[in-house]
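First comes the structure, then the notes that go with it.
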Amino acid sequence: VIPSVADVGPWAEDVASFLGARPTVFEMWESWPPSSNKGKLDPVTTSRLRVLQQLQKPDGAPKVVVCCVAAVCQPVPERADLAARGRTLTAGDIVEPTELAEWLVANGYKRVDAVEYPGEFSRRGGICDIFPPDAPDPFRLEFFGDEVESLRTFAAGSQRSLEKKDKVTLLSVAEGGEDPPPQPPSLKGGGGKNHRDTIAAD
């Protein structure tokens, strides 16, 4: 944890030169609460959620995280809240596509013709594309009837398949499909346990 956001980049480069691998950067919002951009999720919000999710994985947590003081003073969700806001799907699961679409809408996702940004999903026949707020790339679910036949990530721009997955976790964009009320950041105790990331959603 370093004092200034301007020093995050140089520190990350220095750490990378010693480790031989780039550290994970935990970003900060320039202003609070983070402003929405026509209903799209703020990139810093998605980045922070991604790091928080990674830190909960015993076999995939980053070994080194670099951030400034302001980043750790800004609010984050409780660990239990993140777990409660997720839905895990596994290849072979029986899931009615209509029910899944209803769950996505109820949990803050915006239905579009083609996904481009986190917090969006689209459905075309037996294919459902979903871009969770904490994911670097969207997921494509292919259904055979009500069975999840395959899961994979793909590039939103080119639609090119990237990686086959056995299971995916879909994090809610916001609780109940609505924005949680903004809470001011606290400098006491690193944000306090009652603070949460505010997710900008339609």
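Just so we're clear, the structure is a prediction, and the values are computed from it rather than from any experiment.
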Q | ILVMFWY network linking I127 to F121, side-chain heavy atoms under 4.5 angstrom | A | no
Q.
If hydrophobic clusters are built from ILVMFWY residues whose side chains come within less than 4.5 Å, do V69 and V25 share one?
A. no
Q) What's the verdict on side chain to side chain contact (heavy atoms under 4.5 Å, CB included) for L151 and D166, showing C-alpha distance, side-chain angles and the deciding distance? A) CA-CA 7 Å; L151 300 163; D166 294 324; over 6 Å; no
Q. Strictly by modelled atom types, are S172 and R87 linked by a side-chain donor-acceptor pair under 3.5 Å?
A. no
Using 0.5 Å steps for rounding, measure from the [atom1] atom of [X] to the [atom2] atom of [Y].
{"X": "L89", "Y": "T169", "atom1": "CG", "atom2": "OG1", "answer": "8.0 Å"}
{"X": "L162", "Y": "F154", "atom1": "CG", "atom2": "CZ", "answer": "9.0 Å"}
{"X": "I94", "Y": "F144", "atom1": "CD1", "atom2": "CZ", "answer": "10.5 Å"}
{"X": "L141", "Y": "D93", "atom1": "CG", "atom2": "CG", "answer": "9.5 Å"}

Q) Looking at residues at least two apart in the chain, or sitting in another chain, which of them share a side chain to side chain donor-acceptor pair (under 3.5 Å) with S122? A) R124
Q | Pairing residues for E96 by the side chain to side chain donor-acceptor pair (under 3.5 Å) criterion, not counting sequence neighbours | A | none
Q.
Determine whether a donor-acceptor pair (N or O, by modelled atom type, separation under 3.5 Å) exists between the side chain of R48 and the backbone of A71.
A. yes
Q. With sequence neighbours excluded, what pairs up with R22 under the salt bridge (Lys or Arg N to Asp or Glu O under 4.0 Å) test?
A. E13
Q. By side-chain contact (heavy atoms from CB on, under 4.5 Å), which residues pair with V65, not counting sequence neighbours?
A. T24, F26, L55, P62
Would you mind writing out the side-chain donor-acceptor pairs for residues 3-12 within the sub-3.5 Å range, not counting sequence neighbours?
residue, atom, partner, partner atom, Å
S4, OG, A6, N, 3.1

Q | Pairs touching residues 130-142 that satisfy side-chain hydrogen bond (donor to acceptor under 3.5 Å, both in side chains), sequence neighbours left out | A | Q53-D134, D129-R140, R140-Q159, E142-R152
